[in-house]
Amino acid sequence: MAATDRGFVLLAASVAVLFVFSLTFAVLALLLRLRNDRVERREQRLTDRWEPVMLEVLAGAAPDAALTGMVEPRDTRVFLGFLIGYARRLRGEEHTTVRRLAAPLLPQLARSLRRGSAEKRGLAVYRLAEVGLPEYADDVALALDDPSSGVALIAAKGLFREGLERHFPAVLAEIPRFAHLSRSFLSSLLAQGGAGAAPLLREIFSDPFRATKVRAIVADALTLLNDLDSVPIAIEYLERSRDRELVTACLRLLRQLGHHEQLGSIRPLARSDDAIVRAAAAGALGALGGRAEVPILQEVLDDEHYWVSLQAARGLMALGDVDTLRRLATSSGAWALLARQVLSE
C-alpha cells in the first residue's frame with residue numbers, strides 16, 4: 001500500500017474514533033440531563049405534597065408527625081433542603097418549629113461534614129449552620145480547617161453571629177485565608193458578631209504585626225458596628241501609616257464616628273499623592289469639618305481625578321458652600337457638570 005493510501009486510512013480511522021468518542025459523550029450528556037430532569041421533577045412532586053401540610057404544622061393546626069410521617073428514608077436529603085428553605089425565611093416561633101422538624105436529621109448531617117466533594121461538604125456545613133446552631137456549633141467549627149477555603153468560609157459565616165462568641169477567635173484566625181475576597185463582604189461578615197465582637201476586632205485593628213489588609217477589613221467592620229473606642233486607633237494609623245487600604249479604612253471610620261477634634265490628622269491627607277486617599281480625606285472633611293475646611297475642599301475640587309473632585313464637591317455642599325458650586329455649575333469649566341450633579345442630589 002502506498003504511503004499516501006496509508007495516510008488516508010490512518011486519517012479516516014482517526015476521524016472515526018473521534019466521531020465515536022463525540023457521539024459517546026453526547027449520549028452520556030443526554031442521559032445525565034434526562035436523569036437530572038427526572039430527579040428534579042420527583043423532588044418537585046415531593047415538595048408539592050409536603051407544602052400544604054408544612055403550612056398546617058407551622059400554624060399549629062397539625063402535629064409534626066403529620067409531616068414527618070410523609071417522608072420516606074430515601075427522601076431525607078430532599079426533606080432537609082425543603083426545611084432549609086423555610087428556615088431562611090422564618091423567624092421566632094415558626095423558625096423554632098422548622099428547627100424541631102430538622103433535629104432528627106442533624107446527627108447524620110453532622111457526620112457528613114468531612115465527606116464527599118467540597119461542594120457537598122459546604123452544603124452540609126451551610127445546612128447545619130442554618131438549623132443546627134448553637135447545638136452543633138462545635139461540629140461547624142471543625143469545618144474552619146477544611147482544605148477548601150470556600151467550605152471554611154461557610155463555616156465562618158455561620159459561626160460569627162451573636163450568641164456564639166466563644167467561636168469568634170477561631171473564625172478571626174482564619175480571616176487572612178479569606179483576605180482575597182471582597183472587603184465589604186468580609187467586613188459585613190465580621191459585623192454580624194455585634195458588640196460582642198468589637199473588643200476582639202479592636203485588638204486585631206491595633207496590632208501592627210497583623211497584615212494591613214486584615215486590619216483594613218477589621219476597621220470597616222468596626223465602622224459598621226459604630227465602635228467609638230476604635231477612633232483613637234484610627235487616628236494613630238493616619239499619623240504613621242502609608243498603606244492606602246489601611247489609611248482609607250481609617251478615614252471612612254472617622255468620617256462616620258469621628259469629631260472635629262480629629263480634623264488636624266485628616267487635613268494633610270487631602271493633599272496626599274494618592275488620589276484614593278485624597279478622595280477619602282475630602283469625604284471625611286466634609287462630614288466633620290467647618291468653615292476652616294472650605295478652602296481645602298475648594299482646592300481639592302480642582303483635582304485631576306473626577307471621583308476626588310466629586311467628594312470635594314459633596315463636602316462643600318455638606319459644609320454649606322453652595323455659592324462655589326453654583327458658580328462652577330454656570331461656568332464652562334471641566335467640572336461644571338459635576339457641580340450641577342451635586343447641586344441636584
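Scope of the values below: all heavy atoms of this structure, side chains included, with no hydrogens, waters or symmetry mates. The first residue in the sequence is number 1, and the count goes up from there.
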### Task
Would you sort out whether D138 and R166 count as a side-chain contact (heavy atoms from CB on, under 4.5 Å), showing the intermediate values?
CA-CA 10 Å; D138 289 341; R166 67 189 180 92; 3.0 Å; yes

### Message
Run the side-chain hydrogen bond (donor to acceptor under 3.5 Å, both in side chains) test on E239 and S265 for me, step by step, so that the C-alpha distance in whole Å, both residues' side-chain angles and the decisive distance to 0.1 Å come before the verdict.
### Response
CA-CA 7 Å; E239 294 174 352; S265 299; 3.0 Å; yes

### Task
Could you walk me through whether V322 and L343 pass side-chain contact (heavy atoms from CB on, under 4.5 Å), step by step?
CA-CA 8 Å; V322 181; L343 287 168; 3.8 Å; yes

### Task
Go through L190 and L172 one step at a time and tell me if the side-chain contact (heavy atoms from CB on, under 4.5 Å) criterion holds.
CA-CA 9 Å; L190 296 179; L172 291 171; 3.7 Å; yes

### Task
Might you work through the side-chain contact (heavy atoms from CB on, under 4.5 Å) test for R88 and H95, ending with a clear yes or no?
CA-CA 8 Å; R88 294 178 60 188; H95 189 269; over 6 Å; no

### Task
Take D220 and T223 through the test side-chain hydrogen bond (donor to acceptor under 3.5 Å, both in side chains) and record every step on the way to the result.
CA-CA 5 Å; D220 288 343; T223 303; 5.0 Å; no

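In this structure, F205 has its ring center closer than 6.0 angstrom to the ring center of Y237.
By the 4.5 Å heavy-atom criterion applied to side chains, V218 and R202 are not counted as neighbours. Residues R77 and F82 fail the side-chain proximity criterion, which asks for heavy atoms closer than 4.5 Å. Between R45 and R49 the shortest side-chain heavy-atom distance does not fall below 4.5 Å. Between P134 and L164, the closest side-chain pair of non-hydrogen atoms falls below 4.5 Å. For the pair D303/R278, a side-chain contact is recorded, criterion being any heavy-atom separation below 4.5 Å from C-beta on. Side-chain contact check for L142 versus L113: every heavy-atom pair is 4.5 Å or farther apart. Residues L101 and Y86 fail the side-chain proximity criterion, which asks for heavy atoms closer than 4.5 Å. No side-chain heavy atom of H259 sits under 4.5 Å from any side-chain heavy atom of L254.
The main-chain N or O of L328 is found under 3.5 Å from a side-chain atom of S331 such that the two form a donor-acceptor pair. Although no hydrogens or angles enter the test, the distance criterion places no donor-acceptor pair under 3.5 Å between the side chain of S272 and the main chain of P268. Looking at R215, its side chain does come within 3.5 Å of a backbone N or O of R210 through a donor-acceptor pair. Judged by distance alone, the side chain of D227 and the main-chain N or O of S230 form a donor-acceptor pair under 3.5 Å.
Taking a cutoff of 4.0 Å between a charged side-chain nitrogen and a carboxylate oxygen, R100 and D64 qualify as a salt bridge. For the pair R177 and E174, the salt-bridge criterion is met [side-chain N within less than 4.0 Å of a carboxylate O]. Here R267 pairs with E293 in a salt bridge; the nearest charged N to carboxylate O distance falls below 4.0 Å. The pair D273-R242 does not count as a salt bridge, with every side-chain nitrogen at least 4.0 angstrom from each carboxylate oxygen. Between R314 and E345 there is a salt bridge, with a side-chain nitrogen of the basic residue lying less than 4.0 Å from a carboxylate oxygen of the acidic one. Between E94 and R89, none of the side-chain N atoms (NZ, or NE/NH1/NH2) sits under 4.0 Å from a carboxylate O, so this pair counts as no salt bridge.
Taking the six-membered ring for Trp and thresholds of 30 and 60 degrees, F79 and W50 have ring planes more than 60 degrees apart, a perpendicular arrangement.
Across every non-hydrogen atom of V125 and I154, the tightest pair is CG1-CG2, 3.8 Å. Between G286 and A318, the closest heavy-atom pair is O-CB, 3.6 Å. Considering all non-hydrogen atoms of both residues, A282 and V300 come closest at CB-CG1, 4.3 Å. Listed here is the closest heavy atom pair of D302 and S309: C-OG, 4.3 Å. Here the closest non-hydrogen pair linking A118 and V151 is O-CG2, 3.3 Å.
Counting non-hydrogen atoms of neighbouring residues, nucleotides and ligands closer than 6.0 angstrom, the CD atom of E51 exceeds 12 such neighbours. More than 12 non-hydrogen atoms from other residues, nucleotides or ligands lie less than 6.0 angstrom from CD of E56. Enclosure of atom CD in E119 is not indicated, since only 12 or fewer non-hydrogen atoms of other residues, nucleotides or ligands lie within 6.0 angstrom.
Note that CD1 of I296 and CD of Q298 are 10.5 Å apart. Values are rounded to the nearest 0.5 Å. Remark: R183 CZ to S188 OG distance equals 12.0 Å, nearest 0.5 Å. One finds the CD1 atom of I84 at 8.5 Å from the CG atom of L128 (value rounded to the nearest 0.5 Å). Once rounded to the nearest 0.5 Å, the distance linking OG of S206 with CD1 of I233 reads 4.5 Å. Going from atom CD of Q262 over to atom CG of L251 covers 11.5 Å, rounded to the nearest 0.5 Å. Taken from CZ in R121 to CZ in R114, the straight-line distance is 8.5 Å, to the nearest 0.5 Å.
Hydrophobic clustering keeps L337 apart from L316 (ILVMFWY residues linked when any side-chain heavy atoms are closer than 4.5 Å, directly or through intermediates). A continuous path of hydrophobic side-chain contacts links V294 to L263 [ILVMFWY only; heavy atoms under 4.5 Å]. Put simply, L55 and L46 are part of the same group of oily side chains (I, L, V, M, F, W, Y) that touch within less than 4.5 Å, one to the next. Under the 4.5 Å side-chain heavy-atom criterion for Ile, Leu, Val, Met, Phe, Trp and Tyr, M54 and M70 are members of the same hydrophobic cluster. Linking Ile, Leu, Val, Met, Phe, Trp and Tyr residues whenever their side-chain heavy atoms come within less than 4.5 Å places V171 and L181 in a single cluster.
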